[in-house]
Every structure is written in structure tokens, then in C-alpha cells.
Amino acid sequence: MAGRPKSFDVDEAIDAFVDVFWTNGYRGTSVDDLQDAAGIKRGSFYAAFGCKDDVFERVLEKYWNEATEVGLKILDEDKPPKQAVANFIRHIGSFMSLNTPRGCLLLSSSSETADAHSGEQSFVCSKMTELENRLLRTLERDSDETASLCARDQANFVLAVILGLNAMAKADCGSSRIRAAADYAARSIAS
């Protein structure tokens with residue numbers, strides 16, 4: 001006897017899952033929340049997507065490809081390294097100001113899931129490392145060995161800034177304040 005045909009679109013379900021995780025966070029999202037958002041029954045959910053962690057990884061992969069990569073491409077532009085990073089910071093400020101009080105799904109997840117996968121590097125951790133490495137590679141362009149040490153400090157500063165901008169967005173500090181903070185940080189890194 002053939003099984004019932006799937007009665008939902010996987011891509012639409014993943015879009016719904018992105019919204020749920022982005023709004024509620026990893027810990028604040030239950031499998032029931034995900035099922036409800038996509039209109040999927042429990043058995044179909046597990047058959048199609050596996051466990052909550054599997055779904056979350058798919059959600060973050062989609063978010064990375066559609067949101068994070070857009071910003072990271074700014075680092076690859078044909079600009080002096082510090083100007084590229086300054087433009088990236090301004091982009092993040094603009095993104096955060098448009099996404100209050102949710103902030104950035106990846107950045108918010110970095111603190112929320114830090115202990116979720118003890119013993120193995122989580123997807124979030126690997127993406128945060130990739131973000132840091134891309135910042136570092138940009139800042140190290142056209143620099144000597146001594147400047148590389150400074151580039152590491154600057155990359156850490158940029159990470160602190162974007163995490164701070166995310167916190168401002170999550171606290172709903174207001175678009176103008178978020179953009180002003182991003183612009184100040186951008187000018188600091190560019191000088």
C-alpha cells in the first residue's frame with residue numbers, strides 16, 4: 001500500500017521555520033511551534049525534517065545563504081580593506097535597524113546555542129568562525145606580519161560591534177540609534 005503523498009511544500013515549511021526560530025530563538029521554539037507554523041502533523045514533520053536540531057541547521061543554512069552572504073560580499077568588494085569592513089558594519093547597522101526586535105538569527109543563536117552541542121562544533125559555531133575568518137582575511141589584505149596582529153584585534157572589535165548592534169536591535173533601541181552606532185564604529189575602523 002502506497003503512503004499518503006506529502007501535503008506540504010518543503011521550501012515553504014523551511015521559510016516558516018526561519019520565521020519561528022528568528023522570532024522565538026532556538027530555546028524558545030518547540031517542535032509543536034514548528035509544526036503549527038508550517039501546518040504539518042508530528043509524524044510528517046519528523047519524517048521530512050528529523051529532529052529540532054536538524055531543522056535548525058537547515059534554517060541557519062538558508063539564513064546564511066540568503067542574509068549573511070549578502071553582507072559578507074561587501075568584504076570582497078574592490079575597496080581598501082578597512083573601507084570594506086566599514087561598509088560591512090554600516091550594512092549590519094542597516095540590517096539590524098530593519099529587523100528590530102529580532103536582530104540577526106545567526107548572531108542571536110551564537111549565544112543561545114553555545115552549549116547545545118557539547119563535544120562537537122555546532123553549525124552556529126562553525127558559521128561564526130567563518131564570519132570571523134572572512135573579516136580577518138579582509139583586514140589582512142595588503143598588510144605585513146606586524147599588521148596581521150592588529151588585524152586580529154580589529155576583527156575582534158568588529159565582532160564585538162556587530163554583536164552589540166544585534167543586542168541593540170533585540171532591545172528595540174530604535175533605528176536611528178542603531179545606525180548611528182554602526183556609523184561611529186565604521187568611522188573608527190576606517191580611520
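Every heavy atom of this structure was used, including side-chain atoms; hydrogens, water molecules and symmetry mates were not.
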(request) Begin from the C-alpha positions of Asp76 and Arg137 and carry the test salt bridge (charged side-chain N to carboxylate O under 4.0 Å, His left out) through to its verdict. (result) CA-CA 10 Å; Asp76 300 329; Arg137 279 194 308 270; over 6 Å; no
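- Look at Asp183 and Arg187 and you find a salt bridge, because one of the NZ, NE, NH1 or NH2 atoms lies within 4.0 Å of a carboxylate O, short of that distance.
- At a threshold of 4.0 Å, the pair Arg134-Glu130 counts as salt-bridged, since one of the basic side-chain nitrogens sits closer than that to a carboxylate oxygen.
- The closest donor-acceptor contact from the side chain of Lys52 to the backbone of Thr29 lies under 3.5 Å.
- Here the CD1 atom belonging to Ile162 is positioned 10.5 Å from the NE2 atom belonging to His91, to the nearest 0.5 angstrom.
- Under the 4.5 Å side-chain heavy-atom criterion for grouping Ile, Leu, Val, Met, Phe, Trp and Tyr, Leu105 is not connected to Val70 through any hydrophobic cluster.
- Using cut-offs of 30° and 60° for the angle between ring planes, the Tyr26 and Phe21 rings count as parallel.
- Asp15 places a side-chain heavy atom less than 4.5 Å from the side chain of Lys62.
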(request) Determine, stepwise, if the pair Thr68 / Lys127 fulfils side-chain contact (heavy atoms from CB on, under 4.5 Å). (result) CA-CA 10 Å; Thr68 309; Lys127 289 303 185 185; over 6 Å; no
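- Using a distance-only test at 3.5 Å, with no hydrogens or angles considered, a donor-acceptor pair links the side chain of Thr129 to the main chain of Cys125.
- Taking CD1 of Ile92 as the reference point, atom CD1 of Ile89 lies at 9.0 Å (rounded to 0.5 Å).
- One distance of note links OG1 of Thr138 with CD of Glu77; it measures 10.5 Å at 0.5 Å rounding.
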(message) If you apply the rule side-chain contact (heavy atoms from CB on, under 4.5 Å), what do you find for Val20 with Thr23, and how did you get there?
(response) CA-CA 5 Å; Val20 172; Thr23 301; over 6 Å; no
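- Considering CG of Asp36 and NZ of Lys41, their distance stands at 10.5 Å, rounded to 0.5 Å.
- Taking all atoms of both residues into account, the shortest heavy-atom contact from Arg141 to Pro80 is NH2-C, 4.2 Å.
- In this structure, the separation between CG on Asp19 and CD1 on Ile14 is 13.0 Å, given to the nearest 0.5 Å.
- When side chains are defined from C-beta on, Ser94 counts as touching Leu98, because their heavy atoms get closer than 4.5 Å.
- Scanning all heavy atoms of the two residues, the minimum distance from Ala13 to Phe49 falls at CB-CZ, 3.7 Å.
- Side-chain contact between Ile40 and Phe17: present, with at least one pair of heavy atoms (C-beta onward) separated by less than 4.5 Å.
- Side-chain contact between Ser108 and Asn166 is present, with at least one heavy-atom pair separated by less than 4.5 Å.
- Looking at heavy atoms from C-beta onward, Glu57 lies out of side-chain contact with Leu60 at the 4.5 angstrom threshold.
- Remark: the backbone N or O of Ser97 is paired with a side-chain donor or acceptor of Ser175 at under 3.5 angstrom.
- In this structure the side chain of Asp32 reaches within 4.5 angstrom of the side chain of Arg42, judged on heavy atoms.
- Cluster annotation: Val10 and Leu34 are assigned to the same hydrophobic cluster (Ile/Leu/Val/Met/Phe/Trp/Tyr, side-chain heavy-atom contacts under 4.5 Å, transitive).
- Listed here is the closest heavy atom pair of Ala86 and Ala190: CB-CB, 4.0 Å.
- The CE atom of Met96 lies 12.0 Å from the SG atom of Cys173; values are rounded to the nearest 0.5 Å.
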(message) Please determine whether side-chain contact (heavy atoms from CB on, under 4.5 Å) holds for the pair Leu131 and Met128, giving the CA-CA distance in whole Å, both sets of side-chain angles, and the decisive distance to 0.1 Å.
(response) CA-CA 5 Å; Leu131 170 62; Met128 289 299 292; 4.3 Å; yes
(request) Output, in order, the C-alpha distance, side-chain angles, deciding distance and verdict of side-chain contact (heavy atoms from CB on, under 4.5 Å) for Glu132 and Val158. (result) CA-CA 9 Å; Glu132 180 181 11; Val158 173; over 6 Å; no
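- Residues Gly103 and Ala169 come closest through the heavy atom pair CA-CB, 3.8 Å.
- Using cut-offs of 30° and 60° on the angle between ring planes, the pair Phe95 and Trp22 is parallel.
- A centroid separation of 6.0 Å or more is found between the aromatic rings of Phe123 and Trp64.
- The shortest side-chain heavy-atom distance between Leu107 and Leu165 does not fall under the 4.5 Å cut-off.
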